[in-house]
Amino acid sequence: MKTHDLYIETVTSIQSNPTRTGLTVLGIVIGIASVIVMLAIGHGAESSIASSISSLGSNVITVMGGGGNRTGGISMGRSNQQTLTMKDVSEIKENASFAKDISPEFRSRSQVVAGSNNTNTQIVGADTPYALIKSLEMEEGDFFEEDDVRSSVRVAILGPTTRDDLFGVGESAVGQTVTINKVKFTIVGVYVSKGGSGFGSIDDQIVIPISTAFRYVSNSQYLSTISVTTENSEDMSSLQNELTTILMESHGINDETQADFSIFNQTDLASTAQSVTKVFTILLSSVAGISLLVGGIGIMNMMLTNVRERTREIGLRKAIGARKKDISSQFLFESIIITVLGGVIGVLLGVVASLSITSLGILETEVRLFPIVLAFGVSGFIGVAFGYYPAKKASELNPIDALRYE
């Protein structure tokens with residue numbers, strides 16, 4: 001049978017029962033679209049978390065109050081203990097040979113007022129290296145200086161989200177004032193958006209000098225975290241070991257399991273987050289893959305029904321000289337055409353749905369080329385795999401028995 005004749009026969013067969021064909025194609029469409037959307041959600045989550053971690057700065061190790069067991073280089077539990085002080089910062093500056101920039105940080109949430117507007121945001125007390133550690137670029141104004149820290153000056157740096165909430169999107173805020181805990185602060189700068197979510201975005205916060213935070217915002221002299229960077233990423237583990245040794249000596253602790261502080265290595269954090277998102281993506285795609293399997297079974301059911309309904313036709317074709325290869329090719333080609341058609345529509349629907357999810361602000365998605373190529377490959381495989389048995393069964397029908405079939 002020529003390819004043109006095979007195509008004509010296939011189109012005629014598909015058009016003879018459009019409702020059943022449409023429902024079968026719909027099963028493949030839903031399966032392919034689901035796989036693409038689920039993978040887009042998984043990849044979007046992976047990119048979002050990576051963006052959030054990168055917004056923390058490069059080659060950063062974070063020390064937090066509270067100890068506990070460590071998993072994958074990350075200490076778990078008792079992280080809300082107040083154990084870190086400025087004395088620890090001095091010890092690190094004096095003894096950590098791999099340390100480059102160091103910033104003590106105090107964090108709390110507070111209601112901030114600017115004129116008739118207000119917002120609840122995070123207040124961060126920090127030292128001047130904070131801007132370098134977090135790789136902040138100033139959109140307007142400048143970051144506060146060492147003199148501001150030494151003199152406990154009431155100045156503030158706004159994240160872009162906080163600026164938009166208090167003064168309007170893109171409005172200039174430098175020179176204006178905000179009220180925190182009934183104390184007025186002068187805004188001296190607004191930094192460029194860092195983006196990111198999942199671990200929290202640093203776009204929604206206000207940064208003030210650490211000494212000012214202790215004087216006007218905090219009820220204690222304890223730090224929330226100490227951020228430390230190193231010159232080279234290869235020195236991260238060495239710096240982490242140094243910090244552990246220095247803080248254990250500073251706190252008079254001999255047993256590391258009893259440490260009253262936790263050290264977060266950014267590299268370990270990124271690896272752990274990446275592992276979690278990969279498992280998440282595999283789980284989502286596996287669930288979506290079930291619908292593909294159901295769609296494949298639907299195709300087999302349709303093709304077997306076609307074989308039964310067209311038994312006399314098959315017998316007549318074989319009686320006038322049609323070969324087994326001609327019969328099997330006809331049914332197999334029909335199966336492949338249906339799955340490829342469903343694959344094309346499913347890919348388009350999946351891409352549109354993924355982009356719509358992002359544009360509506362529901363979730364962050366990322367459509368990549370591999371899932372689309374995979375979808376086409378899977379749809380073709382399903383056509384062959386689930387169309388082979390009905391095609392083989394049709395080709396093996398006895399022409400005499402087929403012609404007698406009622």
Side-chain angles (χ1 to χ4, degrees), residues 53-107 124-136 143-150 199 202 207-214 218 220-272:
I53 294 175
S54 65
S55 72
L56 300 176
S58 58
N59 300 339
V60 179
I61 287 182
T62 303
V63 183
M64 299 182 66
N69 296 324
R70 285 176 168 76
T71 302
I74 301 176
S75 179
M76 310 297 290
R78 303 208 310 272
S79 60
N80 60 342
Q81 285 184 315
Q82 295 181 319
T83 58
L84 301 177
T85 64
M86 292 300 295
K87 176 178 177 294
D88 296 318
V89 178
S90 298
E91 292 289 339
I92 293 172
K93 287 181 178 179
E94 292 177 7
N95 301 299
S97 59
F98 288 99
K100 179 186 176 186
D101 297 310
I102 304 169
S103 176
E105 297 163 22
F106 166 80
R107 300 174 183 274
V124 179
D127 209 340
T128 51
Y130 181 85
L132 295 174
I133 292 173
K134 302 299 182 182
S135 302
L136 299 182
F143 205 80
F144 53 75
E145 300 177 350
E146 286 290 346
D147 288 341
D148 298 322
V149 178
R150 283 193 292 267
F199 286 92
I202 68 171
V207 186
I208 61 178
I210 184 68
S211 56
T212 307
F214 283 147
S218 174
S220 70
Q221 296 296 305
Y222 286 105
L223 300 170
S224 301
T225 60
I226 302 173
S227 294
V228 187
T229 65
T230 184
E231 187 72 37
N232 302 308
S233 58
E234 294 81 5
D235 297 330
M236 291 282 281
S237 296
S238 299
L239 176 59
Q240 183 170 345
N241 293 334
E242 275 191 339
L243 293 175
T244 301
T245 302
I246 292 169
L247 292 175
M248 285 181 63
E249 291 180 358
S250 177
H251 293 193
I253 299 171
N254 296 321
D255 186 356
E256 187 175 348
T257 61
Q258 300 300 315
D260 58 356
F261 58 88
S262 306
I263 297 180
F264 291 78
N265 186 320
Q266 187 188 50
T267 302
D268 293 332
L269 181 62
S271 298
T272 302

(request) Measure across Pro129 and Asp101 and return the closest heavy-atom pair with its distance rounded to 0.1 Å. (result) CB-CB, 4.1 Å

(request) Applying side chain to side chain contact (heavy atoms under 4.5 Å, CB included), run through Ile133 and Val60 and close with a yes or a no. (result) CA-CA 7 Å; Ile133 292 173; Val60 179; 3.9 Å; yes

(request) Tell me yes or no: between the side chains of Glu105 and Thr225, is some donor less than 3.5 Å from an acceptor? (result) yes

(request) Apply side chain to side chain contact (heavy atoms under 4.5 Å, CB included) to Ile246 and Glu94, showing your working. (result) CA-CA 10 Å; Ile246 292 169; Glu94 292 177 7; over 6 Å; no

(request) Grab the two heavy atoms, one from Ile210 and one from Pro104, that are nearest each other, plus how far apart they are. (result) CD1-O, 4.2 Å

(message) Using a 6.0 Å cut-off, check whether atom CD of Glu146 has over 12 heavy atoms from anything other than its own residue.
(response) yes

(request) Find the distance between CD (Glu91) and OG1 (Thr245) and round it off to the nearest 0.5 Å. (result) 12.5 Å

(request) Would you mind reporting whether Leu136 and Ile202 have side-chain heavy atoms less than 4.5 Å apart? (result) yes

(request) Measure the shortest side-chain to side-chain distance between Asn95 and Glu242 over non-hydrogen atoms and say whether it is less than 4.5 angstrom. (result) no

(message) If I take atom OG1 from residue Thr229 and atom CD1 from residue Ile61, how far apart are they, to the nearest 0.5 angstrom?
(response) 9.5 Å

(request) State, yes or no, whether a side-chain contact exists between Leu243 and Gln240 at a heavy-atom distance under 4.5 Å. (result) no

(message) How close do Tyr222 and Phe214 get, counting heavy atoms only, and between which atoms?
(response) O-CE2, 3.6 Å

(request) Would you mind reporting whether Phe98 and Asn241 have side-chain heavy atoms less than 4.5 Å apart? (result) no

(request) List the atom of Ala259, the atom of Ile253, and the distance in Å for their closest heavy-atom pair. (result) CA-CD1, 3.9 Å

(message) Please find the pair of heavy atoms, one from Val63 and one from Phe261, that lie closest to each other, and give the distance.
(response) CG1-CB, 4.3 Å

(request) With the side chain counted from C-beta on, respond yes when Leu239 and Met236 share a heavy-atom pair under 4.5 Å apart, and no when they do not. (result) no

(message) So for atom CG, which belongs to Asp255, do other residues, nucleotides or ligands contribute more than 12 heavy atoms lying within a distance under 6.0 Å?
(response) yes

(message) Looking at every heavy atom in both Leu84 and Gly65, which two are closest together, and how far apart are they?
(response) CD1-N, 3.5 Å

(request) Given side chain to side chain contact (heavy atoms under 4.5 Å, CB included), test Ile102 with Val89 step by step and report yes or no. (result) CA-CA 8 Å; Ile102 304 169; Val89 178; 4.0 Å; yes

(request) Would you sort out whether Met248 and Glu256 count as a side chain to side chain contact (heavy atoms under 4.5 Å, CB included), showing the intermediate values? (result) CA-CA 8 Å; Met248 285 181 63; Glu256 187 175 348; 4.1 Å; yes

(message) As an exercise, state the distance from CE of Met64 to OG of Ser227, rounded to the nearest 0.5 Å.
(response) 10.0 Å

(request) Side-chain contact test, heavy atoms from C-beta onward, threshold under 4.5 Å: evaluate it for Val149 versus Thr128 and give yes or no. (result) yes

(message) Distance check, rounded to the nearest 0.5 Å: Leu247 atom CG versus Ile92 atom CD1?
(response) 4.5 Å

(message) Distance check, rounded to the nearest 0.5 Å: Phe106 atom CZ versus Met86 atom CE?
(response) 13.5 Å

(request) Tell me, please, which residues at least two apart from Lys93 pass salt bridge (Lys or Arg N to Asp or Glu O under 4.0 Å). (result) none

